[in-house]
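Note sheet for the following structure.
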Amino acid sequence: MAFSTTSLFPMVLFLVVFAPICCFSHKLSSTGGGSGSYNLYPQFYDRSCPRAKEIVKSVVAKAVAKEARMAASLLRLHFHDCFVKGCDASLLLDSSGSIISEKNSIPNKNSVRGFDVIDDIKSALEKECPQTVSCADILALVARDSTVLVHDYFLIRWGPNWEVPLGRRDARGASLSGSNQNIPAQNNTFQTILTKFKLKGLNVVDLVALSGSHTIGQARCTSFKQRLYGQSGSKRPDFPLNQVYANQLRARCPRSGGDQNLFAMDFVSPTKFDNYYYKNLLASKGLFSSDQVLLTNSEASMELVKKYAENNELFFKHFAESIVKMGNITPLTGLRGEIRKSCRRINSN
């Protein structure tokens, strides 16, 4: 059952105070998706901005308490940032001068959201410790905190959690073409998606585990409509899609119109970070074709889907490991990049 804003707020406050950092904790030297070493570590701001993590978590908690859907939106920002030029907060830049914002790309336009929450976090951090905490690190911390805040209230101690390696710096540019080309799409084939992951140093385990983030959040009708009305040219729902489920989707996602209508990506527990996403795939009830192909187009991914559906703890463990790995894709460190004063624009100097 979905949490209402009212019922979620006490849970959020409880989690902020008591959520353990050690459930699936990772103290890893950062690697660019598995190759090369960078000087990222969880204690990066312990001396320069000791309250940084506390401030980030507090703002995220308020945002998720106000709107449960925001947790998924914030988590998604980290994915869509890292898959373009690495985890450098290029996604957050608005168009200005020679910069064409990645927010205008096909995967992002009228889709990615949560930028106001990032602005609030950055504003609070600038008051506490000016030009110290990067926007790229904010995205990495927000991904962790938003995941923690949607654990099942009764399974708090067993939700995914991880220490976030820190020390990234912010890009001074964006890549609209990179955003259009590199971010996996809902209608990509399995091999195309896997290739995009491998180009970032990620593997099939990372692909299946990170796809589990679709256990929370909502999707617009337009993003999966082609599955309901003949993606294969048959004018019938995709064969792998459960027909009863397809009819339920069609009721609010008509052939013409309704493009902005929202649907839970995990209709069983849409605001809980759990393994029902994988159970839904086994029942042929994956919302996107990019979800269902994990079960139908690769034996390796199919076995992982089955394992995660059976073992929630294994899913949490692999998700935590994979998102740390993803968060280490070619970060800017040392003197490269900058620490932006505003996440929406590069510094003037």
Please round to the nearest 0.5 Å and tell me the distance separating atom [atom1] of [X] and atom [atom2] of [Y].
{"X": "Leu149", "Y": "Ile216", "atom1": "CG", "atom2": "CD1", "result": "10.0 Å"}
{"X": "Arg340", "Y": "Leu93", "atom1": "CZ", "atom2": "CG", "result": "3.5 Å"}
{"X": "Ile193", "Y": "Ser290", "atom1": "CD1", "atom2": "OG", "result": "5.0 Å"}
{"X": "Gln191", "Y": "Lys198", "atom1": "CD", "atom2": "NZ", "result": "6.5 Å"}
{"X": "Ser269", "Y": "Tyr277", "atom1": "OG", "atom2": "OH", "result": "13.0 Å"}
{"X": "Ser342", "Y": "Asp119", "atom1": "OG", "atom2": "CG", "result": "6.0 Å"}

Where do [X] and [Y] come nearest, in terms of heavy atoms and distance?
{"X": "Ser289", "Y": "Gln186", "result": "OG-O, 2.8 Å"}
{"X": "Asn297", "Y": "Phe190", "result": "CB-CB, 3.8 Å"}
{"X": "Val293", "Y": "Ser301", "result": "O-OG, 4.3 Å"}
{"X": "Pro107", "Y": "His80", "result": "O-CE1, 3.9 Å"}
{"X": "Arg336", "Y": "Pro331", "result": "NH2-O, 2.8 Å"}
{"X": "Ser213", "Y": "Phe79", "result": "OG-CZ, 4.0 Å"}

Does this structure show an ion pair linking [X] with [Y], if we count only N-O contacts that are shorter than 4.0 Å?
{"X": "Asp116", "Y": "Arg344", "answer": "yes"}
{"X": "Glu126", "Y": "Lys122", "answer": "yes"}
{"X": "Arg220", "Y": "Asp259", "answer": "no"}
{"X": "Lys306", "Y": "Glu310", "answer": "no"}

Between [X] (side chain) and [Y] (backbone), is there a donor-acceptor pair under 3.5 Å?
{"X": "Tyr278", "Y": "Val208", "value": "yes"}
{"X": "Thr215", "Y": "Asp274", "value": "yes"}
{"X": "Asn108", "Y": "Glu102", "value": "yes"}
{"X": "Arg144", "Y": "Ala320", "value": "no"}
{"X": "Ser134", "Y": "Arg168", "value": "yes"}
{"X": "Glu338", "Y": "Asn347", "value": "yes"}
{"X": "Asn182", "Y": "Lys196", "value": "no"}
{"X": "Asn180", "Y": "Ile106", "value": "yes"}
{"X": "Thr132", "Y": "Pro130", "value": "yes"}
{"X": "Ser90", "Y": "Ala174", "value": "no"}

Between [X] and [Y], is there a shared hydrophobic cluster once you connect ILVMFWY residues whose side-chain heavy atoms come closer than 4.5 Å?
{"X": "Leu304", "Y": "Leu314", "value": "yes"}
{"X": "Ile346", "Y": "Val84", "value": "no"}
{"X": "Val56", "Y": "Phe44", "value": "yes"}
{"X": "Leu77", "Y": "Trp162", "value": "yes"}
{"X": "Leu332", "Y": "Val324", "value": "no"}

Within a strict 4.5 Å, meaning less than it, do heavy atoms of the [X] and [Y] side chains meet?
{"X": "Ile323", "Y": "Leu75", "result": "yes"}
{"X": "Met326", "Y": "His78", "result": "yes"}
{"X": "Lys279", "Y": "Val268", "result": "no"}
{"X": "Leu166", "Y": "Lys53", "result": "yes"}
{"X": "Cys221", "Y": "Arg252", "result": "no"}
{"X": "Asn39", "Y": "Thr333", "result": "no"}
{"X": "Thr330", "Y": "Lys85", "result": "no"}
{"X": "Arg51", "Y": "Ile55", "result": "yes"}

Test the Lys285-Phe267 pair against the cation-pi criterion, namely NZ or CZ under 6.0 angstrom from the six-membered ring centroid and within 45° of the ring axis.
-> no
Lys317 and Glu313: salt bridge (charged side-chain N to carboxylate O under 4.0 Å, His left out), yes or no, with the steps?
-> CA-CA 6 Å; Lys317 179 178 184 294; Glu313 188 173 342; over 6 Å; no
Scan Val204, Val205, Asn203, Leu210 and name whichever one has a side-chain contact (heavy atoms from CB on, under 4.5 Å) with Phe197.
-> Leu210
Kindly check if the number of other-residue, nucleotide or ligand heavy atoms within 6.0 Å of CD1 (Ile100) is above 12?
-> no
Are Phe319 and Phe316 close enough that their ring centers fall under 6.0 Å?
-> no
Tell me whether the centres of the aromatic rings in Tyr276 and Phe315 are closer together than 6.0 Å.
-> no
Would you sort out whether Ser96 and Asp94 count as a side chain to side chain donor-acceptor pair (under 3.5 Å), showing the intermediate values?
-> CA-CA 6 Å; Ser96 176; Asp94 290 337; over 6 Å; no
Derivation of the side chain to side chain donor-acceptor pair (under 3.5 Å) call for Asp137 and Tyr45 = CA-CA 10 Å; Asp137 278 343; Tyr45 297 110; 2.5 Å; yes
Kindly indicate, with the supporting measurements, whether the criterion side-chain contact (heavy atoms from CB on, under 4.5 Å) is fulfilled by Leu141 and Val60.
-> CA-CA 10 Å; Leu141 286 167; Val60 172; over 6 Å; no
Check step by step if side-chain contact (heavy atoms from CB on, under 4.5 Å) holds for Asp81 and Leu92.
-> CA-CA 8 Å; Asp81 180 51; Leu92 302 180; over 6 Å; no
Hey, mind stepping through Leu294 and Ser298 against side-chain contact (heavy atoms from CB on, under 4.5 Å) and telling me if it holds?
-> CA-CA 7 Å; Leu294 298 180; Ser298 162; over 6 Å; no
Under 30°, 30 to 60°, or over 60°: which ring-plane class applies to His318 and Tyr308, parallel, tilted or perpendicular?
-> perpendicular
Report the C-alpha distance between Cys343 and Phe115 in whole Å, list the side-chain angles of each, state the deciding distance to 0.1 Å, and finish with yes or no for side-chain contact (heavy atoms from CB on, under 4.5 Å).
-> CA-CA 9 Å; Cys343 291; Phe115 299 110; over 6 Å; no
After noting the C-alpha distance and the side-chain angles of Ser73 and Arg113, does the key distance pass the side chain to side chain donor-acceptor pair (under 3.5 Å) rule?
-> CA-CA 6 Å; Ser73 299; Arg113 58 197 293 272; 2.9 Å; yes
Is it true that the side chains of Ser284 and Asn242 contain a donor and an acceptor less than 3.5 Å apart?
-> no
